[in-house]
Amino acid sequence: MKKNLPVLIEAAIAGILVFLLTFTNALSSLDYIAKDKLYQSPRGIDSDIKIIGIDEKTLDEYGPIQTWSRSMYADLLNTLNSDENMRPAVIGFDIVFAGNVDDSDSKFAEAVKSSGNVVLVNTLIYSKVLTYDEDGVPHYVDKVVDSTEPYAELAGAAAGIGYSNVSMDSDGTVRRVIPVESYNGQDCSMFSKVLYEEYCRQTGASERAIKTDKKGRSLINYSGEPGDYEYISMADVLSGKIDSRAFADSIVIVGAYAQGMQDNFKVPNGASSQMYGVEIHANIFQSYMDGLFAVNGDPVVLGLITAVLVIILHILFRKLKIWQSIIILAAAIGGYVLLVMKLNESGTAYNVIYFPLILLICFIYSVGMHYFVEHVKKKKVLSAFRKYVAPQIVEEIAKKGDFEIKLGGENRDIAVLFVDIRGFTTMSEALEPEKVVEILNEYLSLTTKAIFDNSGTLDKFVGDATMAVFNSPFDLPDYEFKAVCAAMDIVKGGEALEKELLEKYGRTVGFGVGVHCGPAVVGNVGCEFRMDFTAIGDTVNTSARLEANAKKGQVLISDTLYERLKDRIEVNEIGQIPLKGKSNGVMVYEVTEVKRS
């Protein structure tokens with residue numbers, strides 16, 4: 001349990017973090033971006049929804065809108081309704097006709113009344129109003145305090161009036177609507193809703209109910225990007241360039257379609273993020289027709305579910321292999337994204353980024369911990385190697401990162417060094433065991449240091465003897481010479497140590513060293529559960545026999561080794577001597593000096 005406790009604590013922290021982020025929506029700006037990408041993909045616009053735009057062409061031809069006679073709007077209605085059997089289903093004006101202008105007001109009102117299917121807009125005026133929550137805590141909220149209405153005669157002629165205000169999120173983007181606002185104790189519906197209700201009344205279609213949250217809001221699922229809905233210049237309609245029958249049974253919305261009229265807003269979809277207000281109302285109208293509004297889901301429920309999932313998945317990441325974790329990560333994030341998209345289509349929108357974000361962090365952390373643990377393990381292995389192998393070889397192992405250990409070996413040409421302590425048995429009989437061990441450790445430390453200083457590999461200790469190999473397990477340049485240098489360093493170091501022991505204990509010992517080179521089998525010898533990395537073969541045996549014949553303070557080498565190094569060493573010829581296990585004698589030399597560069 002103690003071993004798994006850190007992982008459980010990590011998983012709990014990750015679960016708490018994803019819950020808090022989901023509940024508070026702390027990274028709302030990033031979540032908005034993700035939601036916009038997932039939820040606001042264009043679904044395709046309804047070709048029956050048409051926009052008559054007051055565009056630059058219309059303004060150039062008729063002048064600024066403030067100077068227009070309202071008879072122009074009457075002419076527009078009369079044109080659209082010129083064929084009794086080919087009229088639009090409903091007509092909406094996203095223009096506030098406040099106050100009287102001239103005699104043309106009555107003409108426009110008569111045209112609206114005659115049409116019988118015209119919906120107009122008013123604008124609501126909001127202000128911060130002090131209110132109190134259920135616990136009596138005061139706070140300010142936006143309340144409708146006034147409105148700008150169409151002039152009375154026109155209002156009385158209209159089939160309906162709805163407010164045209166759009167609601168913006170904290171980043172200034174229009175993502176949601178408030179279908180009904182309260183003003184003067186009465187409900188005031190938004191323009192698109194009134195337009196939809198009139199459309200249903202005119203066509204006999206059944207009205208779709210939409211979801212709203214506790215604050216009476218709904219999220220817009222945009223059907224099209226800016227410019228997707230069919231738009232016709234109002235100038236072309238008035239001039240007769242457009243056949244009025246093109247609007248038969250359509251939903252016609254008239255509104256600003258020029259930058260200078262300052263009726264464009266930031267929206268969550270499309271390459272161009274600015275959309276005219278009339279297009280926004282067209283999108284909202286289609287959402288009513290398709291029944292595709294959504295509301296934000298309960299963050300507590302989502303937070304708890306994702307917290308549990310993150311805890312489970314984090315534990316899996318810490319236990320599984322990296323490739324397995326990658327598959328689980330991709331499946332979890334992909335599944336979550338598909339799920340929230342389906343839920344949005346069914347009317348409930350949830351936060352998008354927090355579960356994938358925390359899950360990705362958990363995965364990265366787990367990968368990092370995996371490599372950290374592997375690094376610690378490798379350091380332990382390297383530390384163990386340093387007790388047997390020269391530091392240079394350890395560094396080479398670390399660079400290659402190859403720690404695979406398996407039975408078997410390879411043929412290599414190597415130099416083998418054997419060194420033994422002369423007089424050790426006699427001394428061990430005369431001294432206390434503790435002193436004997438102390439002396440032995442000093443001698444073995446000396447031999448080991450000499451071997452490592454010359455890049456050799458410590459093969460094994462056999463009692464008071466030491467075996468070392470050169471050019472194994474990795475290639476070692478000039479390994480024959482380095483083996484002889486190590487042997488001479490041992491003998492020279494032994495002379496200094498010999499004087500120290502004589503002063504301390506009144507007894508002394510020395511080294512006999514044998515070095516030979518040639519082919520050998522190098523590798524792991526043993527069984528699967530117990531291995532020994534060593535060298536075997538005649539080269540090893542010959543080196544051991546040379547050491548057995550060496551006297552105190554003597555380094556003996558074979559003729560084979562001498563031939564390779566004769567220009568770099570000085571020797572005394574010992575002559576041919578018989579070696580145990582050899583049918584013929586071996587020419588042996590005593591090394592007296594090495595010529596180091």
Taking atom types as modelled and ignoring hydrogens, do the side chains of [X] and [Y] form a donor-acceptor contact shorter than 3.5 angstrom?
{"X": "Lys211", "Y": "Ser218", "value": "no"}
{"X": "Tyr350", "Y": "Asn344", "value": "no"}
{"X": "Ser558", "Y": "His516", "value": "yes"}
{"X": "Asn264", "Y": "Gln274", "value": "yes"}
{"X": "Ser287", "Y": "Asn221", "value": "no"}
{"X": "Asn454", "Y": "Asp489", "value": "yes"}

Stepwise side chain to side chain contact (heavy atoms under 4.5 Å, CB included) test for Val340 and Tyr39: CA-CA 9 Å; Val340 295; Tyr39 297 162; 3.6 Å; yes
Whether [Y] and [X] form a salt bridge (side-chain N of Lys/Arg under 4.0 Å from carboxylate O of Asp/Glu) is what I want to check.
{"X": "Lys595", "Y": "Asp567", "value": "no"}
{"X": "Arg564", "Y": "Asp413", "value": "yes"}
{"X": "Lys449", "Y": "Asp453", "value": "yes"}

In Å and rounded to the nearest 0.5 Å, what is the [atom1] to [atom2] distance from [X] to [Y]?
{"X": "Ile13", "Y": "Ile311", "atom1": "CD1", "atom2": "CD1", "value": "10.5 Å"}
{"X": "Ile312", "Y": "Ile328", "atom1": "CD1", "atom2": "CD1", "value": "11.5 Å"}
{"X": "Ile557", "Y": "Tyr562", "atom1": "CD1", "atom2": "OH", "value": "8.0 Å"}
{"X": "Thr466", "Y": "Phe461", "atom1": "OG1", "atom2": "CZ", "value": "5.0 Å"}
{"X": "Asn471", "Y": "Ile414", "atom1": "CG", "atom2": "CD1", "value": "8.0 Å"}
{"X": "Leu359", "Y": "Ile364", "atom1": "CG", "atom2": "CD1", "value": "10.5 Å"}

How about [atom1] on [X], more than 12 heavy atoms from neighbouring residues, nucleotides or ligands closer than 6.0 Å, or not?
{"X": "Lys37", "atom1": "NZ", "value": "no"}
{"X": "Lys321", "atom1": "NZ", "value": "no"}
{"X": "Tyr336", "atom1": "OH", "value": "yes"}

Working for side chain to side chain contact (heavy atoms under 4.5 Å, CB included), residues Tyr479 and Ser455: CA-CA 8 Å; Tyr479 59 92; Ser455 303; over 6 Å; no
Residues Phe293, Leu219; criterion side chain to side chain contact (heavy atoms under 4.5 Å, CB included); working and verdict: CA-CA 6 Å; Phe293 284 101; Leu219 294 168; over 6 Å; no
Side chain to side chain contact (heavy atoms under 4.5 Å, CB included) between Phe355 and Leu302, intermediate numbers included: CA-CA 9 Å; Phe355 175 72; Leu302 180 65; over 6 Å; no
Verdict with reasoning, Asp213 to Arg217, per salt bridge (Lys or Arg N to Asp or Glu O under 4.0 Å): CA-CA 5 Å; Asp213 60 20; Arg217 302 172 303 180; 3.2 Å; yes
Counterpart residues, side chain to side chain donor-acceptor pair (under 3.5 Å), relative to Asn411 (two or more places apart): none
Any pair counted as side chain to side chain donor-acceptor pair (under 3.5 Å), so long as it reaches residues 436-446, sequence neighbours left out: none
Close side-chain approach of Phe470 to Glu480, heavy-atom, < 4.5 Å: no
Pair up each side-chain donor or acceptor in residues 546-555 with any protein partner under 3.5 Å, not counting sequence neighbours, and list the distances.
residue, atom, partner, partner atom, Å
Glu547, OE2, Arg422, NH1, 3.2
Glu547, OE2, Arg422, NH2, 3.3
Asn549, ND2, Arg545, O, 2.7
Lys552, NZ, Glu498, OE2, 2.6
Gln554, OE1, Lys551, N, 2.8
Gln554, NE2, Glu590, OE1, 3.3

